[in-house]
2 protein chains.
Amino acid sequence: MKKTDNKTPITRIQKQKRLVILEAALEVFSKNGFRGSTLDQIALQAGISKPNILYYYASKQEMHKELIERLMDKWLAPLEEMNAKGDPIAEISAYIKRKLEMARDYPRQSRLFNNEILQGAPHIIDLLNGELKVLVDEKAKVIANWMKQGRLTKTDPYHLIFSIWATTQHYADFDVQICAVLGNDEAIKNRFRKAEKHLYQLFVRSLEVGQ
Amino acid sequence: MKKTDNKTPITRIQKQKRLVILEAALEVFSKNGFRGSTLDQIALQAGISKPNILYYYASKQEMHKELIERLMDKWLAPLEEMNAKGDPIAEISAYIKRKLEMARDYPRQSRLFNNEILQGAPHIIDLLNGELKVLVDEKAKVIANWMKQGRLTKTDPYHLIFSIWATTQHYADFDVQICAVLGNDEAIKNRFRKAEKHLYQLFVRSLEVGQ
DNA sequence: CTAATATTTTTCCAAATGGTCAAAAATTAT
DNA sequence: ATAATTTTTGACCATTTGGAAAAATATTAG
């Protein structure tokens with residue numbers, strides 16, 4: 001079994017080990033940020049030795065880089081799915097639903113992203129200025145069109161998108177605070193159901209036209 | 001000039017130096033989180049030597065602790081001001097305005113708080129479960145009352161508060177992303193004005209009763 | 001001015017950290 | 001089984017880090 005220099009793993013075992021390491025790295029990075037995380041923590045979390053980690057990833061940076069890259073695809077997908085030809089209210093509701101599901105099912109990825117942005121987005125600033133901006137420009141145009149057609153109440157499409165990002169990701173990034181404030185077990189258990197209902201109402205009632 | 005052991009500075013000079021250090025610490029902590037920040041960075045930022053910092057603050061922890069403590073007072077104030085006897089829509093609008101102003105004027109504090117929460121709120125979990133929860137419970141009751149009286153459209157008051165937190169703090173915590181997406185200088189310059197307008201519309205239209 | 005006190009800096013240290021290397025262990029190929 | 005190859009680890013290293021100690025400097029009181 002040769003190992004072709006770097007990158008792309010060949011054997012199934014290599015693929016698996018890399019995944020185990022990435023999983024551990026995600027756990028640690030999402031909690032402590034890049035600088036605040038140590039290889040020892042990641043090794044402990046992965047259940048293997050530190051040099052073994054460096055056998056699969058050349059450096060701490062490289063692990064982080066791969067995590068961020070994998071994240072970004074998943075992160076942009078929900079907005080990409082928003083369809084100009086669909087019903088405006090239904091499309092926006094569906095977008096909110098998708099984003100909220102991501103906050104529920106991938107909270108660590110959300111926090112990893114949050115951490116990256118807090119630090120000034122050093123690794124993804126180009127992507128934000130490029131791919132992300134292009135995508136948002138496109139969808140903002142779609143939304144603006146819906147508004148022009150009188151199918152949505154007029155508001156700033158960019159800031160509307162920001163509001164959706166903010167409200168949905170909040171349930172991943174500020175989970176500790178949310179659970180602390182809700183206090184009671186029942187409310188905590190239902191927090192995502194309640195959130196969905198509330199966000200639908202918030203956005204739909206404010207965007208619905210006429211009455 | 002005696003220095004009474006620890007804590008509370010006596011002379012004006014001590015008070016000033018402590019402030020300079022705190023200011024530098026805020027700058028660094030808010031960007032890198034607690035673990036990701038170093039005393040050297042803070043010293044550099046403050047323009048004094050590392051041991052001199054430790055002359056005024058016994059440890060890195062202590063600096064962070066004081067920052068967090070000072071932050072929390074400021075952080076709770078806007079919600080405390082919400083007045084049960086005022087007009088519901090006006091009160092909520094004013095709350096949004098205050099929170100948005102904090103995001104604009106104190107973005108580093110917002111990020112410091114964000115960082116703390118991301119890491120699981122190790123230093124303020126008691127405060128979240130105590131003081132914060134009590135305050136939110138009280139204000140949620142006020143909002144629920146307004147809704148019961150038919151002065152606001154019914155929705156979950158806790159999640160309504162979460163939405164306000166999320167949307168306003170987003171403008172501090174995700175500023176890099178927002179500026180990247182907005183791209184154009186004019187839109188960036190007006191982002192807080194636009195945000196205010198948009199958030200008023202979002203929340204007011206969705207909470208206004210009747211039509 | 002002089003002594004006492006407060007402040008600052010230079011020097012240093014032990015622990016933690018990212019990473020290397022060679023040897024050991026496990027796996028695979030023949 | 002044996003040789004070749006891959007995987008894993010223990011020992012090590014240079015740098016960074018939080019912090020201590022003490023000497024040097026500045027400030028204040030008398």
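Letters A, B, ... are given to chains in the order of the sequence lines, protein chains preceding strands, and every chain is numbered from 1.
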[atom1] of [X] versus [atom2] of [N]: gap in Å, rounded?
X: K15(A); N: dT7(D); atom1: NZ; atom2: P; result: 14 Å
X: K60(B); N: dG18(D); atom1: NZ; atom2: P; result: 4 Å
X: I53(A); N: dT20(C); atom1: CD1; atom2: P; result: 14 Å
X: L44(B); N: dG18(D); atom1: CG; atom2: P; result: 13 Å
X: L39(A); N: dT16(D); atom1: CG; atom2: C1'; result: 14 Å
X: I21(A); N: dG19(C); atom1: CD1; atom2: P; result: 14 Å
X: D40(A); N: dC12(D); atom1: CG; atom2: C1'; result: 14 Å
X: I48(A); N: dA26(C); atom1: CD1; atom2: C1'; result: 15 Å

Taking OP1 and OP2 of [N], is either one under 4.0 Å from a side-chain nitrogen or oxygen of [X]?
X: K17(B); N: dT8(C); value: yes
X: Y56(A); N: dT8(D); value: yes
X: R35(A); N: dT17(D); value: yes
X: Y55(A); N: dT8(D); value: no
X: N52(A); N: dT9(D); value: yes

Exercise for the section: Please check if atom CD in E131(B) has more than 12 non-hydrogen atoms from other residues, nucleotides or ligands closer than 6.0 Å. Expected result: no
Exercise for the section: Flag yes if more than 12 heavy atoms outside K133(B) fall under 6.0 Å of its NZ atom; otherwise flag no. Expected result: yes
Considering only side-chain heavy atoms of [X], which listed nucleotide, [options], is closest?
X: L54(A); options: dT8(D), dT20(C), dG19(D); answer: dT20(C)
X: S59(A); options: dA11(D), dG19(D), dG19(C); answer: dG19(C)
X: P51(A); options: dT10(C), dG18(C), dT20(C); answer: dT20(C)
X: T38(A); options: dT17(C), dT9(D), dT8(C); answer: dT17(C)

Flag the pair [X] / [Y] as yes when at least one side-chain heavy-atom distance between them is below 4.5 Å, and no otherwise.
X: I164(B); Y: I92(B); value: yes
X: R108(A); Y: E23(A); value: yes
X: W165(B); Y: V181(A); value: yes

Exercise for the section: Determine whether any donor atom in the side chain of K50(A) lies under 3.5 Å from an acceptor atom in the base of dG18(C), or the reverse, and answer yes or no. Expected result: yes
Handout entry: First encountered from the 5' end of DNA chain C, between S49(B) and Q61(A)
Key = S49(B)
